[in-house]
Every structure is written in C-alpha cells, then in structure tokens.
2 protein chains.
Amino acid sequence: MAGPVVRAVRQTTLASEAMARTDRVAGGGVALAPRMVTIYDVARQAGVAPSTVSRAFSRPGRVNAATAERIRRVADDLGYRANPVARALSTARTNMIAVVILDIANPFFAEIVRGAQAAAAAAGYTVLLADAQESDRLERSALERTVTAVDGIVLAGSRMSDSAIRMISKQKPVVVLNRAVVDAPCVVTDNPRGARLALEHLAALGHEHVTYLAGPEASWADGTRWRSLRESAPALSLRVRRIGPFTPDVPGGVQAAEQFAAAPTSAVVAYNDQLAIGLVRGLAARGIRVPGDVSLIGFDNIAAAELVTPGLTTVAAPLYAQGATATRHVLAMIEGGRGHTGAPAVLPVRLVVRDSTAERHGVGRPRPVGAAAALPMAR
Amino acid sequence: MAGPVVRAVRQTTLASEAMARTDRVAGGGVALAPRMVTIYDVARQAGVAPSTVSRAFSRPGRVNAATAERIRRVADDLGYRANPVARALSTARTNMIAVVILDIANPFFAEIVRGAQAAAAAAGYTVLLADAQESDRLERSALERTVTAVDGIVLAGSRMSDSAIRMISKQKPVVVLNRAVVDAPCVVTDNPRGARLALEHLAALGHEHVTYLAGPEASWADGTRWRSLRESAPALSLRVRRIGPFTPDVPGGVQAAEQFAAAPTSAVVAYNDQLAIGLVRGLAARGIRVPGDVSLIGFDNIAAAELVTPGLTTVAAPLYAQGATATRHVLAMIEGGRGHTGAPAVLPVRLVVRDSTAERHGVGRPRPVGAAAALPMAR
DNA sequence: GTGAAAGCGCTAACAC
DNA sequence: GTGTTAGCGCTTTCAC
C-alpha cells in the first residue's frame, strides 16, 4: 500500500511549490514553461478528487452537473489545459493519424489532405502530414518515425511495395488511396468509368485515334487507366496507343509533346492534369494548338485545370472525398477494430468538359490551316 | 517503500501474460496491437535493469559497449520499438514542432515546408503541418489542438493578430516567418532590396512608369514591398502607382488585368508570382502581350515561375532556406532557452531574370503594332 | 456520483 | 557502468 503515501508526498510538494512558482512568475523572471497546471491543481482548488476532474473532461455526464460546472470554472481560472501526452500514455491513443503523400508540391494532394483533415478534425483527430518527396527511402523513414506516434495511417500516395505496405498494416490501421493492395483496405476512383467517359466524349467529337500519355510505370492508377482505355476503345470504334512513361508533372508534359509531335493523333488522353498542361505548352511551342489541332483530356481535375488556357477537359476524381473517405475508414478501424479488407471502395468520377476538346478538325466548320492540316494520323 | 512491490507485481504479471499473448498471436487470432514490447521485456531478456535499456537507446556511450550490443540484439529479436509517448511524458519533450501555413494549395509554402521538414529531421524532430486554410478561426483551433502537443511552432503564414501571436509565444517557442512581430523572433526576406532590384532592372530596360499589383491588405510582405518600391523609385527617375488589393492567386491576377488594362503602364511588379501569372492570362485575353507590351516582375520565385510562358522574371526569396532557418531558430529556443527577440533575421533575395521583362516597346527594334501601340501612359 | 489507488512506458536522479 | 526508485499527468477499475 505505498501508492497513497507517494501521492500524499507529491501533493504536499505541489502545494508549496505552486506558491513559490506563482511568486516567481509574478516577479517577472520565468516566462516560458512555468510548470503546467494539472488535474491535481484543479482538484485541490475545487475540493474534489483528481479522478473527478478527469471525468469532468473526458466523460461529461458521468459527473454531477453542479460539480462539473464548478470544476470547469476552476479549471478556467487556473488556465488548465489537458496534457494530450499523458492522456495518450494511459489510453494508448494519441488521437493523431498520419497522412503520407508523395509530394507536397503536387497540387493533386492538396485537396486530398483537406478532406482528410476535415474528416479527422470532425472526429477529434489531428493529422500528421508526412511528405515522402517521391522517395521510397524518405517515405520509410518518415513512417518509421511516425507509426509509433499515431493511431492510424492514410497512404495517399506511396512508392512502397505492396508487401511493405502489408507489413505496416499489421502494426497499425492503414488505408491505401488510389491503389489496390491485396489484404489492405483501399479507396480508389472509378478509373474504368473515367476512361470510358473520356473516350465516349472524344468519339462523339469525331475523333478516331487516341494517344495515351503514360504516367509512372509504378503507378497503379496509370495501369488501370491505360488498361481501361484499351478495353473501352473497340466498342467505340476507336484506336488507342500509348507513349511514355513520362514524369507526371508539367515538364513531363512538355517532354511528351516532343515525342507526340513526331507522330500525332487528333486526340490525347493524359495520365493526369499536370502532364496535360505540360503537353499544351509543348505543343504550343511547335505551333500545334489545343483544341484546334489536338483535343486533350486529363485526369484528376486539379484546381489548375480550370485556370489554364484553354480550360482543361478532365476526368474529375473526387479528391476531397477521397481524403475524407480514406480517413473515415482508418478512424473506423481505430475505433471499431479491423476494416473490411475485401474489395476496394470505389469512388465515382465524372467528366468535366472545358475547352481543350473540340470536334475533330473542326468538322462542319472551315478546316484549319497550318500545322493542323499537315498532321498525319498515326497507325 | 511501495514502489518495488508495485514493480514486482507488474513484472510477474508481464512474465505470464507475455507467454499467453504470444500463444494467442501464434494461434492466428489477434493481429493488431498484440501489446507492445517494452524496455521491461528487453531488460528481463537481456538480464539487465530497465534503466540500462533506456540508456542504451537514449544515451549510447553511457553504457558498456558489450552490454549495449547485447541489448540492441535482444531488442531487435523482440521487435522492440521505443514508445515516443511515454518518453514525451517523462521528458516533457515530444520532439515535434508545428508548422502553420495559410494554405496547403499555395505552392509558396511547399518549399518552405520542405526546408522546415529537413531542418527538423536533421535534429530528430517531426513536423506537424497545420493548414489554416486562410482562416483566422481555423488557424486558432488548429493551434489550440496543437500547442500542447508540440515543443515549438513556426508560423509560416498567419492571419492572427500580433497580440494573439505574442500570446502563444508566451506558452511555447514561436518563430514568425515573413512578418515582423514585436517581441517575437522573426525571419523575413529582404523585401526592400528585392524591390530595388526589380526597379533597377525595369529602369535599365527603359521603363518609366511602374504599376504595383497589391496583395492582401493584412499582409506584412505586401506593405513592405509597396513601401520599398515607393522609396526606391525617385532615385531611378521612376514613377510608381499601386492598384488592388487582389487575392494573391491566379484568379486574382486575371481580375487585376481588367483593372490594369483600363489604365496600363509599360511595366508591372506584382505582389507575388501567382498574381503575376494570372495577370499574363488576363492580359492575353485582351490581346496585350508579356513582355511585348508589358514587362512583368513577380515575387517569391515559386516553382511554377519557370514553367509558365513566358518564364517569369521574379524576385527570388530563398523559400527552402526560410523554412529551414525558422525551424532552426525554434529548435534553438527549445534546446537553449529564449530566442533573440531583437531585430528580425533577414534573408537575402536575388532577381531571377527570365522572359517576362523586355525593353520598353522594343526600343531599338521595330515598334510593336496593335494593342501595345495604343497603350496610354497612366499619370 | 465520487474517491483511492494502480499503472501506461519511459527517464533521471541517486546510490553503489 | 549499472541498478533502484520515484515520478511525468492522465485514465480507470474498484470500492463505497
């Protein structure tokens, strides 16, 4: 029965020290970290037990209304702030989740992070953002430092192998975004449908040949997009081909323009919006205009897609919803136990038509002159 | 003397429980959270005291090399991972700092965050990114949830009042970026010099009238940039005027084009690069070309500045260095005590000349036709 | 509804 | 060098 003794000693110590500290602060010396006020301080002042103070905050309702009110007032007066670290130690819950992204400079992730943050905040969780900077190594080390400090993880973008992902998903709840990993809960967008919508739109505009600008080979999204394109093409009497891979950013698109211009088609679908935007630039430098000479469709509908000229027609992925959904999944796993490791959750897409697509060679209107007229059909 | 008893009880409990747990896991039932391995487990297995295990990890060198090696091996075998929460509770250090930004979609902050993250990682700290989403309210609530959980804070962008900032800087080490707040350590860039460089460049190109596209009125950077522009102009026989404020993003620049076109000048300096990029778009829609008709200079040198057409001439702020410097400051305050609250640390700038600036009306070359020729000089 | 006491996993005096 | 011991501030049975 030593506990009581220990506590008694501590309390007397506090009682006298508190005075001393207060005096010193009043004296003007100590400014930073003047010792935090704890539930013990509040308890003493309010004439209740520390455990009651604890309940008053973490389990309102389990304590007499009047007492609770008094405690709140005292706490306010004393400037009490719950210490999340202490709470985390005894509950084994930090109320933080990690969101891992590939690149903080990639606008694609901005909206996802927003959605994740909102969903987390709504549940009383804080998001710890980890930027992998497109590096497997950095991603691992960031995760290394992080896993132990969070309750769950959203892999919004990951360069790690499937098995590495399965590994950490054994330690903490993990949800993978935009990638299907066996044995791990996933949230993906409906790429097949997106590809079909894009092709239908192009077919309706009279296009017959479509070039796909490929993204990173390691990208799961790239794989499904290209496959879906190929599968949807025949029914629409369309022919598709693939060039690349290109780095999925604006410079990558500029580079793609060079390769594309060597054997152009009247329509292009790009792996993502950045690549598409880069392509417009690259083509412009060669006198090839979008949509006059080439119709172009991107993927993702990042914010910039509607700002560029011409406005980019694109397959809109619900970025914000992706972040929010994935986050809610981890949260559910944290609270409820295992998440359904079955089929990935599929989020809907829609085609946003802007100004980068037009009828092939201005069918029904005066034919264009210059570069466009000279474009040979590939294949 | 109850401590020993308590510990003894705990240890026996662990000893038997550990076995039971292991069996259960082997049985295939429990996967997540099978009870973490602690220093006690390692200590017992290695035949040393828990404190020795603790030292072996947190203070290598203070323990016999052979013992340390053995401990490391045992820890590895058992899959021991230090619990940062427990460590934080006893040391009152979480080894995390918060970096508050205005908007995660704003590319300006991407590099700053990178710099902060690198500097933090180098010191064994983790960055907790807090996106204020341009909202005072959200910023406060994010900070509210965060202050208690971190050792220090970098305010990379803040919509809070000076007094609110001083308030939290009393609770935790805070460094303010790109803003001068009395009584708080600050890191700013040399805006006066940047403004002078911009004007000198324009003057050398033969320009005489310069329009400044203003950013947010609450922005400290906007204030210093405009003031510096005004102060440097006379010596260069330049006349400057100011229009705005505009929202500091691409749409803001498009909007600025409308107002600017009503009374154009041959040269423009924009509050930031996004505004400048938007202006190019807005002017293009009106048939006014950059740099043919108007020379344009931005601020910050965000990544996109060299990707747009024409490449943007801009006053380059050392974004990465800003984040790293500010972070090192908080870190120093955390370790060392108070930071120097004196004059703000000033980071150097340089002018990056690209393609958005040219000689006024193509001096010495054929005069331009069309819109440019019709531009009246304001004032 | 409230109090007493144990304990979360780690660090840090303080002995030896 | 290493062990012993007392907390860090909170939550949580278990009594009453």
Side-chain angles (χ1 to χ4, degrees), chain A residues 1-11 13-14 17 33 35-44 46-71 75 80-95 148-149, chain B residues 1-11 13-14 17 33 35-44 46-71 75 80-95 148-149:
Chain A
M1 299 293 108
V5 176
V6 172
R7 196 49 88 193
V9 170
R10 195 232 283 240
Q11 300 221 15
T13 311
L14 282 187
E17 269 200 3
R35 199 185 68 72
M36 290 312 272
V37 3
T38 73
I39 50 171
Y40 289 94
D41 302 323
V42 178
R44 192 162 3 89
V48 296
S51 52
T52 306
V53 176
S54 171
R55 287 188 199 102
F57 285 105
S58 47
R59 227 172 284 280
R62 298 262 303 161
V63 69
N64 181 297
T67 328
E69 177 49 31
R70 181 157 40 94
I71 291 176
Y80 168 74
R81 317 272 310 145
N83 180 332
V85 174
R87 177 185 309 226
L89 183 57
S90 68
T91 59
R93 285 284 172 75
T94 60
N95 278 316
T148 44
Chain B
M1 302 287 109
V5 177
V6 171
R7 198 47 92 191
V9 170
R10 194 229 287 236
Q11 300 222 15
T13 310
L14 283 186
E17 269 199 3
R35 198 184 70 71
M36 291 312 272
V37 176
T38 74
I39 51 171
Y40 290 93
D41 303 323
V42 178
R44 190 161 6 87
V48 297
S51 54
T52 305
V53 177
S54 171
R55 286 188 200 105
F57 286 105
S58 47
R59 229 174 282 283
R62 298 262 302 162
V63 68
N64 182 297
T67 328
E69 179 49 30
R70 180 157 40 95
I71 291 175
Y80 167 75
R81 317 272 309 148
N83 180 332
V85 173
R87 177 186 308 226
L89 183 57
S90 69
T91 58
R93 286 285 172 76
T94 61
N95 278 320
T148 44

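Naming convention: chains lettered A, B, ... in sequence-line order (proteins, then strands); numbering from 1 in each chain. In what follows, every heavy atom counts, from backbone to side chain, and hydrogens, waters and symmetry copies are set aside.
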> Contact class for B:V85 (heavy atom, under 4.0 Å): base, sugar-phosphate, or nothing?
Replying inline: nothing
> A:R55 CZ to C:dT2 C1': how many Å, rounded?
Replying inline: 6 Å
> Taking N and O atoms by type only, does the side chain of A:R81 place a donor or acceptor under 3.5 Å from a partner on the base of D:dG9?
Replying inline: no
> How long is the line joining CZ of A:R62 and P of D:dT12, in whole Å?
Replying inline: 10 Å
>> Please confirm whether the shortest side-chain N or O distance from B:S54 to OP1 or OP2 of C:dT11 is below 4.0 Å.
In response: yes
> Can you check the A:R87 CZ to D:dT11 P distance for me, whole Å?
Replying inline: 4 Å
> Which is it for A:R35 and A:D41 under the side-chain contact (heavy atoms from CB on, under 4.5 Å) test, yes or no, and what are the steps along the way?
Replying inline: CA-CA 11 Å; A:R35 199 185 68 72; A:D41 302 323; 3.5 Å; yes
> Does any N or O in the side chain of A:T94 come within less than 3.5 Å of the main-chain N or O of A:A149, such that one atom is a donor and the other an acceptor?
Replying inline: yes
> What is the minimum heavy-atom distance between B:A82 and A:T148, and which atoms define it?
Replying inline: O-CG2, 4.0 Å
> OP1 or OP2 of D:dC10 sitting under 4.0 Å from any side-chain N/O of A:Y80?
Replying inline: yes
> How close do B:S58 and B:P60 get, heavy atom to heavy atom, and via which atoms?
Replying inline: C-CD, 3.6 Å
> Expressed in angstrom and rounded to an integer, what is the separation of A:N83 atom CG from D:dG9 atom P?
Replying inline: 7 Å
> What does B:A82 touch in the nucleic acid at a heavy-atom separation under 4.0 angstrom: a base, only the sugar-phosphate, or nothing?
Replying inline: sugar-phosphate
>> Can you tell me how far apart CZ (B:R59) and OG (B:S51) are? Round to the nearest 0.5 Å.
In response: 12.0 Å
> CD1 of A:I71 versus C1' of D:dT11: gap in Å, rounded?
Replying inline: 15 Å
> Is B:S51 touching bases, backbone alone, or none of the nucleic acid, heavy atoms closer than 4.0 Å?
Replying inline: base
>> Given the structure, check if the side chain of A:Y40 and the base of D:dC10 hold any donor-acceptor pair shorter than 3.5 Å.
In response: yes
>> What is the distance, to the nearest angstrom, from the CZ atom on A:R35 to the P atom on D:dC8?
In response: 9 Å
> At under 4.0 Å, does any side-chain N or O of A:T67 touch on OP1 or OP2 of C:dT2?
Replying inline: yes
> Want to settle it: does B:T52 or B:T91 sit nearer the 5' end of DNA chain D, counting the closest nucleotide to each?
Replying inline: B:T52
> Of the non-hydrogen atoms in B:Y80 and B:I39, which two are nearest, and what is the gap between them?
Replying inline: OH-CG2, 3.3 Å
> What does A:R59 touch in the nucleic acid at a heavy-atom separation under 4.0 angstrom: a base, only the sugar-phosphate, or nothing?
Replying inline: sugar-phosphate
>> Between C1' on D:dG3 and CZ on B:R44, what's the gap in Å once rounded to a whole number?
In response: 16 Å
> Which part of the nucleic acid, if any, lies within contact of A:A92, taking any heavy atom under 4.0 Å across all strands shown: a base, the sugar-phosphate backbone alone, or nothing?
Replying inline: nothing
>> Quick check for you: to the nearest 0.5 Å, what is the distance between A:R55 atom CZ and A:T67 atom OG1?
In response: 11.0 Å
>> Closest approach to the side chain of B:A86, judged atom by atom: which nucleotide of C:dT11, C:dG9, D:dC10 is it?
In response: C:dG9
>> What verdict does the side-chain contact (heavy atoms from CB on, under 4.5 Å) test give for A:T52 and A:V63, after you've listed the backbone C-alpha separation in whole Å, the side-chain angles of each residue and the deciding distance to 0.1 Å?
In response: CA-CA 7 Å; A:T52 306; A:V63 69; 3.7 Å; yes
> For the helix from C:dG1-D:dC16 to C:dC16-D:dG1, what is the angle between the axes at its two ends, each from 5 pairs, rounded to 10°?
Replying inline: 30°
> Rounded to whole angstroms, how far apart are CD1 on A:I39 and P on C:dA5?
Replying inline: 15 Å
